[in-house]
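Hydrogens, waters and symmetry mates are skipped; everything else that's a heavy atom, side chains included, is used. Sequence lines set the chain letters: A, B, ... in the order given, protein chains first and strands last, and positions in each chain run from 1.
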There are 2 protein chains.
Amino acid sequence: MAAERRRATIYDVAQAAGVSKSLVSLVLRGSPSVSTPRRAAVLAAIKELDYRPSQAATALAGGTSQTVGVVIDDYTNTWFVELLRGLQEGLASAGLRIAVSDRSLNTHIESDPLDGFLSTRVEALVLATEPTEAMRFSSQIPVIIAGNRATEVPGADITSSDDRLGARRAIEHLISLGHTQIGHIAGGGGASMQRIAGYQDAMKAAGLTERIVTVSELTTEDIGYQCTRQLLDEAPETTAILAGNDSMAMGAMGAAQEAGLLVPKDLSIIGYDNSPLSDTHLLQLTTVDSRNHALGLHAAEQVLSRLADPERTAQRVLLEPLLIERSTCAPVRNA
Amino acid sequence: MAAERRRATIYDVAQAAGVSKSLVSLVLRGSPSVSTPRRAAVLAAIKELDYRPSQAATALAGGTSQTVGVVIDDYTNTWFVELLRGLQEGLASAGLRIAVSDRSLNTHIESDPLDGFLSTRVEALVLATEPTEAMRFSSQIPVIIAGNRATEVPGADITSSDDRLGARRAIEHLISLGHTQIGHIAGGGGASMQRIAGYQDAMKAAGLTERIVTVSELTTEDIGYQCTRQLLDEAPETTAILAGNDSMAMGAMGAAQEAGLLVPKDLSIIGYDNSPLSDTHLLQLTTVDSRNHALGLHAAEQVLSRLADPERTAQRVLLEPLLIERSTCAPVRNA
DNA sequence: CTGAAAGCGCTTACAG
DNA sequence: CTGAAAGCGCTTACAG
């Protein structure tokens, strides 16, 4: 049976192509110093034998895994999708692949996703989540932080979007629509902190009363719903809400619906992230684009430059966020 | 600098613990034939040196990667999250880890996700997507299909939910609410085909006129929106819709909203998958639970039993779906 | 339990 | 380009 046949190795390819093992290795690694006919012979043998280099052997012998580990929070919040795409695009040219691990799946098995990545000997670590203690001090490999995080990682590069500015602009937009009773529902973590600060900046500058509701570190749809219920309960005069992210904004829309409030007629809502969710026909959520694709591209660049020069000092890239106006904001009713 | 220090190997651990290299290997692999004090010494050395076994070396020497490859469609449709959780839970006890690859990211780099998995020498492949040609005939490793797929993979195990039954029950539910003008919006692929068949079963049994709209192979929110627009255009008398999945159902809700139809008063909508999206406060989508967590658990079992006995004949597990009644269905208005 | 040996499938110089 | 050699960091018997 075909399935029982031993897998082809580099020896089999060399033999089939009538060349030396070393030459096969050269072809695999794309060396230019191989004559065209020989290269063709090797390629033909590879195809014929359905040969695939063993990643384990390549990594072990070459001393490099050629993979970058990416840690995300939770597959359910899809903001990371564009970040991944950017990362992959930026890394592909260098022959680096990506391995993704999420924290919420890993909480069940007690382990830190870092453990697996360290065993894999990833070349670098991209953190699209709040760093764990272990991640902060792993120091064995370059760390690149994607997004704003509450915890510092000594020596790490950072690519983030200016969440503080983005939140400020969102509030300024609401103010320009005549809103004065503007609440903010927030979760925990570095991005949340920045967005809260931006909210405060804008409210302070306009002399408006701040109202921030937080019920959990999480930033899920359900938490957004709960925060909004509490906000509307405490301050029914609220006419606009900035949510900590798009998931929370969706929760806010749910709470508004339940309270019989129309969005945006009775209540304006702004999300954050410009996630796939925000661009659905049902939501048409006005949001702040944190430019996750660009974030991924820049993080990839940092990975590459850090790999090229491990001694270079830590870099910091800050992207300018964009307000995306869709359909969940309107002028205040009795303005 | 710490970062510059050579990574600890099994030799370093052996030396630090004052034992032989073989003993360290035994401890790592959890052998019971190691005395408690020696085991403690090794463990202490491992901790002290922050030693992590090289996955590449372990895989190469042991001849087994201890990882299972999972291919999903697209990170944006989160139905796979519970599947992954079930898989991971079911595989963890056997010491198998999971590697996830998605097809939509991989379309940019021309390669099949299978290529990477084959290089990794994954022990088995779990397909939560429509198989590619390469996947159908990879035959080198056990393949487990998760969910209903249009394409057969010779010799593969299958764990799926009875989508045909689920769709039938959804329609029967709508009929019991008095609906007679029931449309179905669908995409492509095996699950869609089964769901269409179930829709037809129930409509036929009740003597009702079928109306199925498909505009694409995709099953995204936007496609659901487009299908619904077309459906409402062609058959404005429609009072209920079964969507091919929850994303499409969300699109249907968007189209209904745009058409000025209230859900469920004017239009009842049922989704499929019981994805995280369906359980949001804003949607409260009535849906069919395809029991993705159980799906993952069963698929994990198939992986394990197939690994234990590569010669066993292909298995087929069929789970019974559950109708989850939430808030998007109501009795027909003029019933 | 130890210790010496072979081997997993590659890469990396290096002499020719 | 070839060919022989060493080595990556482990596992796997195996004799003691």
On DNA chain D, check which nucleotide each of A/Lys21 and A/Arg38 is closest to and give me the residue with the more 5' one.
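Here A/Arg38 is the residue nearer the 5' end.
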Within-4.5 Å side-chain heavy-atom neighbours: A/Ser25 and A/Ile10
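The answer is yes, as the side chains (C-beta and beyond) meet within the 4.5 Å cut-off.
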What integer distance in Å separates [X]:[atom1] from [N]:[atom2]?
X	N	atom1	atom2	value
A/Tyr11	D/dG3	OH	C1'	11 Å
B/Leu26	C/dT2	CG	P	9 Å
B/Arg121	C/dC10	CZ	P	6 Å
B/Leu60	C/dC10	CG	P	9 Å

How would you label the contact of A/Gly63 with the nucleic acid (heavy atoms, under 4.0 Å): base, sugar-phosphate, or nothing?
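Answer is nothing: A/Gly63 stays at 4.0 Å or more from every strand.
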Pick base, sugar-phosphate or nothing for A/Ser22, based on heavy-atom distances below 4.0 Å to the nucleic acid.
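Base, at least one base heavy atom under 4.0 Å.
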Could you check which of C/dT11, C/dT2, D/dC10 has an atom nearest any side-chain atom of B/Leu23?
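Closest of the options to the side chain of B/Leu23: C/dT2.
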A/Arg312 and A/Asp157 ion-paired at < 4.0 Å:
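Yes.
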Considering heavy-atom distances to DNA chain C, does B/Ser20 or B/Ala61 have its closest nucleotide positioned more toward the 5' end?
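By nearest-heavy-atom nucleotide position, the 5'-most residue is B/Ser20.
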If pairing requires Watson-Crick or G-U wobble contacts with both distances under 3.5 Å, which nucleotide is the partner of C/dA15?
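With both distances under 3.5 Å, C/dA15 matches D/dT2.
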